[in-house]
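Below: the structure, in structure tokens.
All figures in this text were calculated on a predicted structure; none of them were measured in a lab.
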Amino acid sequence: MYAYIMRRLLLLIPVLFGVSVFIFVIMRIVPGDVAMTILGTDATPESLAQLRKDFGLDLPIYQQYIQWITGVLTGDFGESMRTGKEVLPDILSRFKLTFELTLISAVISWIIAIPLGVIAAVRRNTRTDFGVRIISLLGVSVPNFALATVLILVLALFFSYSPPVGYVGFFEDPVKNLQIMILPSIVLGTAMAGAVMRMTRSSILEILRQDFIRTIRAKGAKERVVIFQHALRNAMIPILTIIGMQIGTLLGGTVIIEQIFSLPGLGQLVLTAITQRDFTVVQGAVLFIAFVFVMINLLVDIIYSYLDPRITYK
């Protein structure tokens, strides 16, 4: 196990290197001039040239990359071209909100999806099953922004309620924090639940066809023991796989929901930096998200061995 973890950690090096090169090159070939964006169209050629020199944009692209990646390896992600603030502390402060949003959304998804998926599998081809399948299909099909918009409109028109604006940390005011986070979490959790629900149903159905389930039932085990202690545990590996992928995706994909609910998260930071051609912020944020995504996948792989002792890592 430890050797496997070390190998996976070593694989982080080429993965993150590839991501860093890709995002660095992409940001350099995107149309638009960061110096022109900052100084405006009335800027003189001399002032534009001086600003590019200050940012190091007059150097060959490989030298720019070496300077940036050398700083990243020492924990220095550079400074924002727009605000002059250090990039890494800004990323970490925004990541707290995005991580909390992702975590609450995932919990909501699990609470909805796993029980309904189990019920649908146990009551296959009944009205309950068809109802659950319709709900899961809606969860997968309806876009996040559409669901968020409808939810806000319904609450405003029928209940005279509008979501709070801004953000308050959980440890500063837990009640206020939950009031702010609950609606966007419901929107994201509902979308996640659709895919998890479908995977839970199909995985449980596959396990229930196995010979060991028939043997357990033949020994007189109660149905709830068969379902929850044996079938569900063996079905958790594919379910956990899709959950891990969803969590990793949400960490970098909450930008639309953050915009709709005015949440200053990591997604909003990246979107603003892209529109302002703030190279250092985009590069640092994407690299950070890639690192977290890979670590989540590693954690999922480790959990596999605890769910199924037959899985070994060499």
Side-chain angles (χ1 to χ4, degrees), residues 4-30 34 61-62 64-82 85-106 109 144 188 191-192 195 240-259 263-304 313:
Y4 170 78
I5 294 175
M6 291 304 300
R7 286 198 301 270
R8 287 294 301 269
L9 290 176
L10 289 175
L11 285 175
L12 281 176
I13 298 174
V15 170
L16 295 179
F17 173 73
V19 171
S20 67
V21 172
F22 178 78
I23 189 60
F24 190 88
V25 173
I26 287 295
M27 290 305 300
R28 294 308 185 279
I29 64 177
V30 168
V34 63
I61 188 170
Y62 71 91
Q64 295 181 42
Y65 176 78
I66 291 174
Q67 288 184 355
W68 174 67
I69 200 65
T70 301
V72 169
L73 293 175
T74 59
D76 181 11
F77 280 55
E79 297 179 352
S80 169
M81 293 179 175
R82 299 289 299 187
K85 297 180 180 178
E86 293 187 11
V87 172
L88 185 57
D90 201 13
I91 291 174
L92 294 177
S93 64
R94 299 293 190 101
F95 179 71
K96 294 178 182 178
L97 185 152
T98 301
F99 179 76
E100 181 185 356
L101 179 61
T102 300
L103 185 60
I104 298 175
S105 302
S109 170
N144 288 338
L188 291 174
M192 290 177 63
L240 187 63
T241 300
I242 193 171
I243 287 174
M245 294 177 62
Q246 286 182 329
I247 291 176
T249 303
L250 277 182
L251 288 173
T254 59
V255 55
I256 296 178
I257 298 301
E258 290 176 0
Q259 286 288 107
L263 296 175
L266 189 57
Q268 192 178 83
L269 174 68
V270 175
L271 179 63
T272 303
I274 291 174
T275 58
Q276 295 178 345
R277 302 296 188 273
D278 198 338
F279 295 164
T280 50
V281 174
V282 177
Q283 292 163 187
V286 172
L287 189 62
F288 180 82
I289 292 170
F291 172 77
V292 175
F293 193 98
V294 175
M295 294 305 296
I296 289 174
N297 287 333
L298 174 60
L299 179 62
V300 169
D301 286 348
I302 294 173
I303 295 175
Y304 285 164
Y313 300 105

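- Interatomic distance, Q64 CD to F279 CZ, rounded to the nearest 0.5 Å: 8.5 Å.
- Here the closest heavy-atom approach between residue Y65 and residue S20 is recorded as OH-OG, 2.8 Å.
- At a threshold of 4.5 Å between non-hydrogen side-chain atoms, the residues L271 and Q259 count as touching.
- Counting only heavy atoms from C-beta outward, the side chains of V255 and V270 never approach each other to under 4.5 Å.
- Side-chain contact between L97 and E258: present, with at least one pair of heavy atoms (C-beta onward) separated by less than 4.5 Å.
- No more than 12 heavy atoms of other residues, nucleotides or ligands lie within 6.0 Å of CZ in F99, so this atom counts as exposed by the packing criterion.
- Because its NZ or CZ atom is both nearer than 6.0 Å to the ring centre of F24 and within 45° of the ring axis, R28 counts as a cation-pi partner of that residue.
- Judged by distance alone, with hydrogens and angles left aside, the side-chain atoms of T98 form a donor-acceptor pair with the main-chain N or O of L266 at under 3.5 Å.
- Between the side chain of D278 and the backbone N or O of M81 there is at least one donor-acceptor pair closer than 3.5 Å.
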Next on the checklist: Applying side-chain contact (heavy atoms from CB on, under 4.5 Å) to E86 and D90, what does each step give before you reach the verdict?
Outcome noted: CA-CA 7 Å; E86 293 187 11; D90 201 13; over 6 Å; no
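- Looking at every heavy atom in both residues, V19 comes nearest to A290 through CG1-CB, 3.9 Å.
- With contacts defined as side-chain heavy-atom distances shorter than 4.5 Å, the pair V282/V286 qualifies.
- Between V15 and F291 there is no side-chain heavy-atom pair separated by less than 4.5 Å.
- Although no hydrogens or angles enter the test, the distance criterion places no donor-acceptor pair under 3.5 Å between the side chain of T272 and the main chain of L269.
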Next on the checklist: Under the criterion side-chain contact (heavy atoms from CB on, under 4.5 Å), I'd like the reasoning laid out for D76 against V72: C-alpha separation, chi angles, the key distance, then a yes or no.
Outcome noted: CA-CA 5 Å; D76 181 11; V72 169; over 6 Å; no
Checklist entry - Can you list the steps and then say if L188 with L101 is a side-chain contact (heavy atoms from CB on, under 4.5 Å)? => result CA-CA 9 Å; L188 291 174; L101 179 61; 3.7 Å; yes
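- Annotation: the span from Y62 atom OH to Q67 atom CD amounts to 11.0 Å, rounded to 0.5 Å.
- Contact of the V281 side chain with the R82 side chain is not registered, since no non-hydrogen atoms from C-beta on lie closer than 4.5 Å.
- Distance check: T102 OG1 to I296 CD1 gives 8.0 Å after rounding to the nearest 0.5 Å.
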Checklist entry - Does the pair S105 and M192 meet the rule for a side-chain contact (heavy atoms from CB on, under 4.5 Å), with working shown? => result CA-CA 8 Å; S105 302; M192 290 177 63; 4.3 Å; yes
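- For the atom pair CD1 of I61 and CD1 of I66, the computed distance is 11.5 Å after rounding to the nearest 0.5 Å.
- Annotation: the span from I247 atom CD1 to F293 atom CZ amounts to 10.5 Å, rounded to 0.5 Å.
- The structure places CD1 of I26 at 11.5 Å from CD of Q283, a figure rounded to the nearest 0.5 Å.
- S109 and Q246 are not linked by any side-chain donor-acceptor pair at a separation below 3.5 angstrom, with hydrogens and angles left out of the test.
- In this structure, E79 and T280 have side chains that are not in contact, with every pair of non-hydrogen atoms separated by 4.5 Å or more.
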